[in-house]
Chemist: 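One structure, pasted below without further comment.
Lettering follows sequence order; numbering is per chain, from 1. Owing to the predicted nature of the structure, the values given are computational and were not obtained by experimental measurement.
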Amino acid sequence: MSVFLTLVRRELGAYFKSFTGYLVIAAVLLLNGFSLVDLIERVRGLAIDAPVTELFYQTDYFWLIVLLCSPVITMRAFAAEKSTGTYEALMTTPVGDWQVVLAKFTGTMGFYLLTWLPLLAVLFALRQITGEAALFDPPVVLATFIGITLVGSLFMSFGCFASSLTRSEIIAAMLTFLMGIGLWMVGYRPDASGMLPAWAQPVLDHISLTRHMEDFSRGMVTGRHVVFYLSGTVFFLFLTHRVVESRRWN
Amino acid sequence: MESAAPMIEVQDLTKRYPGRTAVDGLSFTVGRGEVVGFLGPNGAGKSTTMRILACFLPATSGTARVAGFDVFHEPDEVRRRIGYMPENNPLHLDMRVREYLKFRARLKGLSWRRSRGQVDAVLQQCGLTGVERRIIGQLSKGYRQRVGLADALVHEPDLIILDEPTIGLDPHQIRAVRSLIKELGRSHTVLLSTHIMSEVEMTCSRVLILHQGRILAADRTEDLERRLSMDGQVVAEIAAPEAALIEAFRDLPGIERMEVTELDGEYRRLSLTPSQGADLRPLVFGQVSQHGWVLRELTRSRHSLEDIFVHLTQGRNRPGN
């Protein structure tokens with residue numbers, strides 16, 4: 001356990017020793033700021049009975065943040081270590097492959113969640129501005145953060161997998177972005193796709209990230225969604241482990 | 001029984017990549033306390049062999065044991081017992097020296113308290129106490145190399161494997177790193193690789209010459225030199241007329257070839273090649289004193305490992321290498 005924690009600490013610490021970490025935090029802050037401005041405009045213009053968190057997801061800023069930041073956060077996980085050679089130094093110490101994979105994942109997850117903390121301040125500020133206590137309902141905010149965590153874990157596992165495949169951070173980032181945006185677009189507003197066969201509609205509904213987030217932001221955390229994200233995360237971490245292990249294959 | 005086993009036992013080790021054989025049926029043993037040098041040109045299979053011993057790569061066939069543990073079946077036991085410095089000494093350049101060594105010590109399973117003590121010890125041993133708070137990326141290459149060595153030592157391993165430990169250093173740094181390795185050799189088993197011949201001569205007690213994935217020669221460093229310096233040529237600078245010189249040496253036994261060249265003033269350079277590895281120096285001195293000539297130099301060329309290496313690998317280069 002202590003080896004695992006040592007690795008996680010190193011992973012997290014690395015973000016704050018490079019420009020990338022601060023850049024990501026700044027970018028998320030900026031986009032969150034834009035979404036706040038956008039939200040205020042909407043709340044002011046219309047009488048809306050939806051929770052503010054739901055509006056937040058309708059602005060698409062959330063997806064912009066997740067789609068753009070997950071590649072940047074995860075690209076260094078394995079690729080940077082492979083290109084500098086520290087991967088060899090790491091893998092010749094008595095640490096297990098799973099320990100390495102899980103520590104990398106936990107590190108990226110930790111940093112991802114850290115970048116989302118300012119959102120709490122955004123929501124709080126909104127409540128202060130509007131004076132509407134109902135806009136900031138703790139269970140709904142909790143469900144929203146559960147949603148952020150679940151979506152993040154899937155995207156971070158995409159990123160860890162992509163990073164384990166290559167020694168180039170750029171390629172890792174592009175692969176992660178492709179996987180992320182591919183999944184997102186497949187399920188984007190699935191109602192609009194009238195040309196699809198009848199059987200495809202429920203499948204698309206099931207994997208529609210936007211649908212899931214709408215539910216989360218209304219305060220609905222359903223088992224179906226949780227299973228979707230957790231199984232996806234586990235699957236991609238399993239693939240990552242296979243890649244890490246593959247150096248010992250003949 | 002663990003201590004009875006040799007430190008490294010390699011049997012018929014082979015590593016093939018698609019279209020290329022990096023290591024070809026390698027067998028050797030390294031006893032405890034030895035400092036052994038892997039010598040060979042780039043691409044000879046040195047790094048591949050070391051990576052297999054460090055449990056980073058699998059071998060295609062053959063067996064390798066470190067301290068009695070199989071590198072394929074008991075990799076964790078092996079990793080605990082080796083300190084490995086990979087080629088080009090990769091380090092986390094964003095970390096501080098002490099922080100990095102502490103991190104590595106913890107990864108290698110040392111407790112918090114023990115890692116602290118050990119880090120202090122290796123900082124001292126590798127002469128890093130003055131820079132322990134510096135960021136590794138801002139250190140000179142020589143200091144970085146010491147950090148790499150300190151990392152290899154921090155968990156008190158039985159065996160230290162160093163892949164090209166002095167590559168890219170300036171002469172002062174090379175000297176410092178070599179003396180550090182020599183010191184390590186007193187208390188550890190060391191396997192190091194290099195393509196610099198003098199490095200092996202200076203630091204190792206035994207040498208394994210590798211070429212195209214095979215061992216060409218394995219011997220104690222001085223024995224190897226002696227064995228191959230049998231044809232040692234003797235060169236003398238003598239003040240004597242050329243004809244008299246030729247006359248004096250022409251019919252002596254044991255001389256295969258003789259050459260005389262003119263030097264400044266009365267001096268001539270006499271080069272003699274012995275026929276059966278005999279040492280011709282006493283003979284030369286005998287002739288010189290008998291004729292009352294002046295002798296200003298008398299040397300027997302000593303083959304360096306470099307010559308040995310060239311000698312061994314000559315004619316063995318296959319096309320494409």
Side-chain angles (χ1 to χ4, degrees), chain A residues 1-24 75-104 106-107 111 164 167 169 241-250, chain B residues 14-17 47 50-61 66 71-96 99-100 102-112 115 135-137 147-148 151-152 154-155 157 161 163:
Chain A
M1 195 62 193
S2 72
V3 170
F4 175 74
L5 290 179
T6 306
L7 277 170
V8 172
R9 227 180 103 194
R10 158 67 198 158
E11 290 302 315
L12 264 177
Y15 288 109
F16 297 99
K17 291 187 168 179
S18 74
F19 187 57
T20 324
Y22 296 100
L23 192 76
V24 172
M75 65 184 186
R76 51 166 297 282
F78 290 92
E81 291 228 45
K82 281 187 180 175
S83 71
T84 58
T86 51
Y87 186 66
E88 189 173 339
L90 173 65
M91 299 318 272
T92 48
T93 57
V95 296
D97 292 351
W98 267 118
Q99 260 175 330
V100 172
V101 172
L102 290 179
K104 298 262 176 206
T106 311
F111 184 75
S164 71
R167 49 177 57 234
E169 289 184 63
H241 178 256
R242 295 296 281 175
V243 176
V244 168
E245 194 187 50
S246 69
R247 73 177 195 286
R248 283 205 297 267
W249 295 349
N250 251 320
Chain B
T14 300
K15 175 73 185 174
R16 279 193 204 97
Y17 292 109
S47 291
M50 289 184 151
R51 283 176 162 177
I52 293 170
L53 287 174
C55 312
F56 185 67
L57 282 181
T60 312
S61 63
V66 171
V71 297
F72 314 113
H73 300 115
E74 298 154 298
D76 281 349
E77 294 296 333
V78 172
R79 285 181 196 155
R80 253 187 272 282
R81 285 168 176 78
I82 56 167
Y84 171 52
M85 188 171 103
E87 203 174 358
N88 301 323
N89 184 26
L91 302 167
H92 288 297
L93 299 182
D94 56 349
M95 291 178 104
R96 289 172 199 277
E99 178 193 21
Y100 175 73
K102 196 91 192 287
F103 163 70
R104 295 287 299 172
R106 300 283 284 144
L107 282 192
K108 292 171 181 183
L110 266 60
S111 67
W112 189 83
S115 70
I135 292 172
I136 296 172
V147 175
D151 169 26
V154 75
H155 58 305
I161 300 180
D163 198 352

Chemist: Need one label for B:Tyr84: side chain, backbone, both or neither, based on atoms under 4.5 Å from any heavy atom in chain A.
Modeler: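 The side chain, not the backbone.
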
Chemist: Shortest non-hydrogen contact from B:Arg79 to A:Thr93?
Modeler: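 Nearest pair, atom of B:Arg79 first, then A:Thr93: CD-O, 3.2 Å.
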
Chemist: What part of A:Leu90 gets within 4.5 angstrom of chain B, counting heavy atoms only: side chain, backbone, both, or neither?
Modeler: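 Backbone plus side chain of A:Leu90, per the 4.5 Å heavy-atom cut-off to chain B.
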
Chemist: Take atom OH in B:Tyr17; do more than 12 heavy atoms of anything else shown fall under 6.0 Å from it?
Modeler: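 For B:Tyr17, atom OH is crowded (more than 12 foreign heavy atoms under 6.0 Å).
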
Chemist: Contact part of B:Asp94 toward chain A, heavy-atom cut-off under 4.5 Å: side chain, backbone, both or neither?
Modeler: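 Both backbone and side chain.
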
Chemist: How close do B:Pro58 and A:Arg247 get, heavy atom to heavy atom, and via which atoms?
Modeler: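 In this case the closest contact between B:Pro58 and A:Arg247 is CD-O, 3.0 Å.
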
Chemist: Heavy-atom distances under 4.5 Å only: say whether B:Ala59 touches chain A with side chain, backbone, both or neither.
Modeler: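 Just its backbone gets close to chain A.
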
Chemist: Less than 4.5 Å to any heavy atom of chain A: does that hold for the side chain of B:Leu107, its backbone, both, or neither?
Modeler: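 Looking at B:Leu107, backbone and side chain both touch chain A.
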
Chemist: Check each atom of A:Thr84 against the heavy atoms of chain B and say whether the ones under 4.5 Å are side chain, backbone, both or neither.
Modeler: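 Answer is backbone: N, CA, C or O of A:Thr84 sit under 4.5 Å from chain B.
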
Chemist: Heavy-atom distance under 4.5 Å to chain A: side chain of B:Lys102, backbone, both or neither?
Modeler: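 Contact with chain A: none, neither part.
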
Chemist: Pick whichever of A:Met91, A:Lys17, A:Arg10 has the most heavy-atom pairs under 4.5 Å with chain B.
Modeler: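 Ranked by heavy-atom pairs under 4.5 Å with chain B, first place is A:Arg10.
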
Chemist: CG/B:Leu93 to OG/A:Ser18 distance, rounded to the nearest 0.5 angstrom?
Modeler: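 Interatomic distance, B:Leu93 CG to A:Ser18 OG, rounded to 0.5 Å: 12.5 Å.
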
Chemist: Tell me, side chain or backbone of A:Glu81 under 4.5 Å from chain B's heavy atoms, or both, or neither?
Modeler: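 The answer is the side chain of A:Glu81.
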
Chemist: So which part of B:Met85 gets closer than 4.5 Å to some heavy atom of chain A, the side chain, the backbone, both or neither?
Modeler: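 For B:Met85, no heavy atom lies under 4.5 Å from chain A.
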
Chemist: Counting only non-hydrogen atoms closer than 4.5 Å, does B:Glu77 touch chain A with its backbone (N, CA, C, O), its side chain (CB onward), both, or neither?
Modeler: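 Neither part.
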
Chemist: To check you understand the geometry: which heavy-atom pair defines the closest contact between B:Arg106 and A:Val3, and what is its length?
Modeler: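 In this case the closest contact between B:Arg106 and A:Val3 is O-CG2, 3.7 Å.
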
Chemist: Need one label for A:Ala14: side chain, backbone, both or neither, based on atoms under 4.5 Å from any heavy atom in chain B.
Modeler: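 Looking at A:Ala14, backbone and side chain both touch chain B.
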
Chemist: Which pair of heavy atoms, one from A:Thr92 and one from B:Ala54, lies closest together, and at what distance?
Modeler: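 Minimum heavy-atom contact is CG2-O, 3.3 Å.
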
Chemist: For B:Arg104, is it the side chain, the backbone, both or neither that has a heavy atom under 4.5 Å from a heavy atom of chain A?
Modeler: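 For B:Arg104, side-chain heavy atoms alone lie under 4.5 Å from chain A.
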
